[in-house]
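Heavy-atom basis, side chains included; hydrogens, waters and symmetry copies ignored. No experiment lies behind these values; they were computed from the predicted model shown. In the text below, chain A, chain B and the rest are named by the order of the sequence lines, each starting its count at 1.
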Number of protein chains: 2
Amino acid sequence: MHKRILVVEDEASIRDMVAFALRKADMEVIHAADARAALVAISDTPPDLILLDWMLPGMTGLELARRLRGEQGTAEVPIIMLTARGEEMDRVNGLEAGVDDYVVKPFSTRELIARIKAVLRRAQGDDGAGSIESGGLRIDGPAHRVYAGDTQIEIGPTEYRLLHFFMTHAERVYSRAQLLDQVWGGSVYVEERTVDVHIRRLRKTLEPFGVDGLIQTVRGTGYRFSVNP
Amino acid sequence: MHKRILVVEDEASIRDMVAFALRKADMEVIHAADARAALVAISDTPPDLILLDWMLPGMTGLELARRLRGEQGTAEVPIIMLTARGEEMDRVNGLEAGVDDYVVKPFSTRELIARIKAVLRRAQGDDGAGSIESGGLRIDGPAHRVYAGDTQIEIGPTEYRLLHFFMTHAERVYSRAQLLDQVWGGSVYVEERTVDVHIRRLRKTLEPFGVDGLIQTVRGTGYRFSVNP
DNA sequence: GCGCAACGTGACAGTCTCGTGACAGCGGCG
DNA sequence: CGCCGCTGTCACGAGACTGTCACGTTGCGC
């Protein structure tokens with residue numbers, strides 16, 4: 001899981017340690033040395049989580065947290081505060097300001113990572129996918145299953161996502177680039193022809209069950225899921 | 001959804017914070033600073049949910065919870081306990097006493113609201129207490145026991161909670177993160193792979209009794225409890 | 001019919017996921 | 001104290017999955 005973490009911390013040594021640990025845990029790190037820099041960085045692209053030092057030059061972390069909660073677009077971004085021992089008494093204020101968790105210095109990087117993961121986990125909401133039926137195929141989102149009539153079809157992760165996307169976006173042509181964006185996720189680089197291969201695999205998986213011809217090639221453009229031949 | 005929440009908490013700062021958050025979420029808040037006040041408030045009008053601090057002057061939250069469970073009219077009122085870090089080990093005792101969920105301090109108001117809503121939702125659907133049967137397995141909620149046919153199965157605490165969760169949420173895939181949230185509790189920091197190990201242990205516990213294949217792996221996504229292969 | 005570009009297909013090596021056994025820490029209990 | 005049940009983590013390996021390539025096939029304009 002690739003996540004963007006904004007680290008707002010003026011002390012270089014801590015910043016570097018944190019950055020090192022986060023990168024090792026496959027997260028992207030953005031720095032900000034003070035509140036102003038943080039606000040700039042956020043307005044650019046809101047991160048998935050904000051690590052906020054309690055004491056900052058100019059504006060305290062708490063003020064910044066309050067401000068972010070009011071801001072548009074960052075109201076739901078989880079915040080974890082870094083506090084030194086003894087500052088804990090203000091915890092309640094922080095919680096009121098919408099801070100999600102605290103990590104008290106000195107902390108182990110291991111603990112920090114664990115906390116971050118826990119908060120991220122909590123933050124990401126439910127996946128509200130029902131079940132869709134089309135062209136003799138049925139895909140059960142919650143159960144993560146695919147049926148052709150009554151028989152269940154075994155299907156790989158990528159094939160599943162691809163099929164799911166197609167069934168929720170039927171009767172429309174998508175280019176390879178669009179499919180890569182939607183099914184693979186925007187931030188990965190893979191060859192466009194890879195889509196071809198997965199289309200092929202999906203067709204091959206479905207074909208023995210008589211649900212043929214649902215995924216159509218539109219030469220020079222892309223692919224389309226359609227009930228009509 | 002207008003609900004009445006009884007907050008039993010002696011520390012004023014936390015009480016105020018909680019009250020503030022709850023009111024913002026359109027809930028009615030009743031205060032009680034100790035167990036006696038709580039009992040009085042309850043006998044007046046039973047609330048829809050009780051928020052109970054672990055440590056109270058006079059009587060611990062746990063005792064109060066037990067007492068409420070025995071009381072007429074409050075036996076079904078959901079209880080959420082507030083515990084400080086480090087008191088978590090008694091979680092099992094709490095579950096036995098009929099506590100519905102735990103929130104570990106420090107918590108964010110958002111998390112608290114989310115938990116409260118979840119518990120209320122669950123209480124509405126009334127799946128809590130009875131015994132559930134599925135796939136040749138029977139789980140006796142109140143007695144905390146598991147049967148395969150007529151023979152009882154010895155099972156550890158975590159395995160029990162995991163199985164219980166699965167049986168009350170069958171035919172649906174859950175990611176490791178979701179399982180950690182639901183089975184371990186939202187504010188505990190464990191590796192995701194730990195789920196694998198407990199799944200393994202649960203499978204191994206059930207397997208000698210012929211109830212095989214109930215917990216299925218959905219590669220790249222999570223696990224699913226299902227009677228169908 | 002020809003040539004070209006687009007697409008289908010099979011193979012393959014690297015990567016990732018998951019199952020599994022082992023192990024150390026921690027309370028509980030005799 | 002030593003033993004025991006339970007838990008979280010780790011390391012390892014088998015197997016599934018994936019991205020890419022090379023080559024065959026098809027469609028299309030001329």
Side-chain angles (χ1 to χ4, degrees), chain A residues 1-2 24-26 108-111 113-115 117-118 144 146 153-163 173-177 179-180 183-185 187-208 212-224, chain B residues 85-93 95-96 144 146 153-163 173-177 179-180 183-185 187-207 212-224:
Chain A
M1 84 168 153
H2 184 76
K24 225 177 74 179
D26 185 35
S108 73
T109 58
R110 199 184 148 65
E111 182 190 358
I113 299 292
R115 299 285 198 92
K117 284 191 176 170
H144 217 269
V146 180
I153 302 181
E154 289 299 327
I155 200 170
T158 307
E159 291 171 39
Y160 179 87
R161 270 178 290 142
L162 190 55
L163 179 61
V173 182
Y174 289 92
S175 70
R176 290 166 229 292
L179 289 173
L180 282 179
V183 177
W184 273 254
S187 50
V188 287
Y189 179 74
V190 281
E191 292 292 325
E192 292 207 339
R193 285 304 302 282
T194 301
V195 175
D196 296 29
V197 179
H198 279 273
I199 291 278
R200 146 82 172 151
R201 283 169 181 159
L202 184 50
R203 281 172 172 162
K204 202 156 140 188
T205 311
L206 298 181
E207 181 248 323
D212 208 356
L214 285 172
I215 300 167
Q216 297 145 15
T217 308
V218 181
R219 188 164 248 265
T221 309
Y223 295 95
R224 167 183 56 206
Chain B
R85 229 188 274 292
E87 299 172 347
E88 303 162 56
M89 52 284 305
D90 289 320
R91 178 171 276 165
V92 176
N93 291 330
L95 289 173
E96 258 165 53
H144 234 257
V146 180
I153 301 181
E154 288 302 325
I155 199 170
T158 306
E159 289 171 40
Y160 177 85
R161 271 178 289 143
L162 189 54
L163 180 61
V173 177
Y174 290 91
S175 69
R176 288 161 233 284
L179 289 173
L180 283 179
V183 177
W184 274 253
S187 35
V188 73
Y189 315 107
V190 218
E191 291 292 324
E192 293 205 340
R193 285 295 249 108
T194 301
V195 175
D196 296 30
V197 180
H198 280 273
I199 291 278
R200 146 88 171 148
R201 284 168 182 159
L202 184 51
R203 279 173 174 161
K204 205 156 139 188
T205 310
L206 298 180
E207 182 246 323
D212 207 355
L214 286 173
I215 300 169
Q216 296 145 16
T217 307
V218 181
R219 189 162 251 264
T221 307
Y223 295 95
R224 167 183 58 206

For the pair made of CD in Glu192(A) and C1' in dA5(C), what is the distance, rounded to whole Å?
15 Å
Nearest-nucleotide check on DNA chain C, Val218(B) vs Arg219(A); residue mapping nearer the 5' end is Arg219(A)
With a 4.0 Å limit, can you tell me whether Thr158(A) has a side-chain N or O closer than that to the phosphate oxygens OP1/OP2 of dC17(D)?
no
Give a yes-or-no answer on whether the side chains of Arg203(A) and Thr217(A) include a donor-acceptor pair shorter than 3.5 Å.
yes
Which residue, His198(A) or Val195(B), contacts DNA chain D at a nucleotide closer to its 5' end, judged by nearest heavy atom?
Val195(B)
Rounding to an integer number of Å, can you tell me how far Leu163(B) CG sits from dC6(D) P?
15 Å
Can you check whether Tyr189(A) has a side-chain N or O nearer than 4.0 Å to OP1 or OP2 of dT20(D)?
no
Separation of dC18(C) P from Asp196(B) CG (nearest whole Å)
7 Å
Treating Thr205(A) as the side-chain partner and Arg201(A) as the backbone partner, does any N or O pair qualify as donor plus acceptor under 3.5 Å?
yes
Contact class for Tyr160(A) (heavy atom, under 4.0 Å): base, sugar-phosphate, or nothing?
nothing
Less than 4.0 angstrom between a side-chain N/O of Trp184(B) and OP1 or OP2 of dG8(D), yes or no?
yes
To the nearest Å, how far apart are Ile155(B) CD1 and dT7(D) P?
10 Å
Any side-chain N or O of Thr217(B) below 4.0 angstrom from OP1/OP2 of dC18(C)?
no
Would you mind reading off the distance between Leu180(B) atom CG and dT9(D) atom C1', rounded to a whole angstrom?
13 Å
Using a cut-off of strictly less than 4.0 Å, decide whether Arg176(A) has a side-chain nitrogen or oxygen near OP1 or OP2 of dC7(C).
yes
To the nearest angstrom, how far is Ile199(A) atom CD1 from dA6(C) atom P?
17 Å
Indicate, yes or no, whether a donor-acceptor pair under 3.5 Å links the base of dG8(C) to the side chain of Arg201(A).
no
Under 4.0 angstrom, heavy atoms only, what part of the nucleic acid is Arg193(B) near: base, sugar-phosphate, or nothing?
base
Between OH on residue Tyr160(A) and NE2 on residue His144(A), distance to nearest 0.5 Å
4.5 Å
Which nucleotide in dC17(D), dG19(D), dC18(C) has an atom nearest any side-chain atom of Pro157(A)
dC17(D)
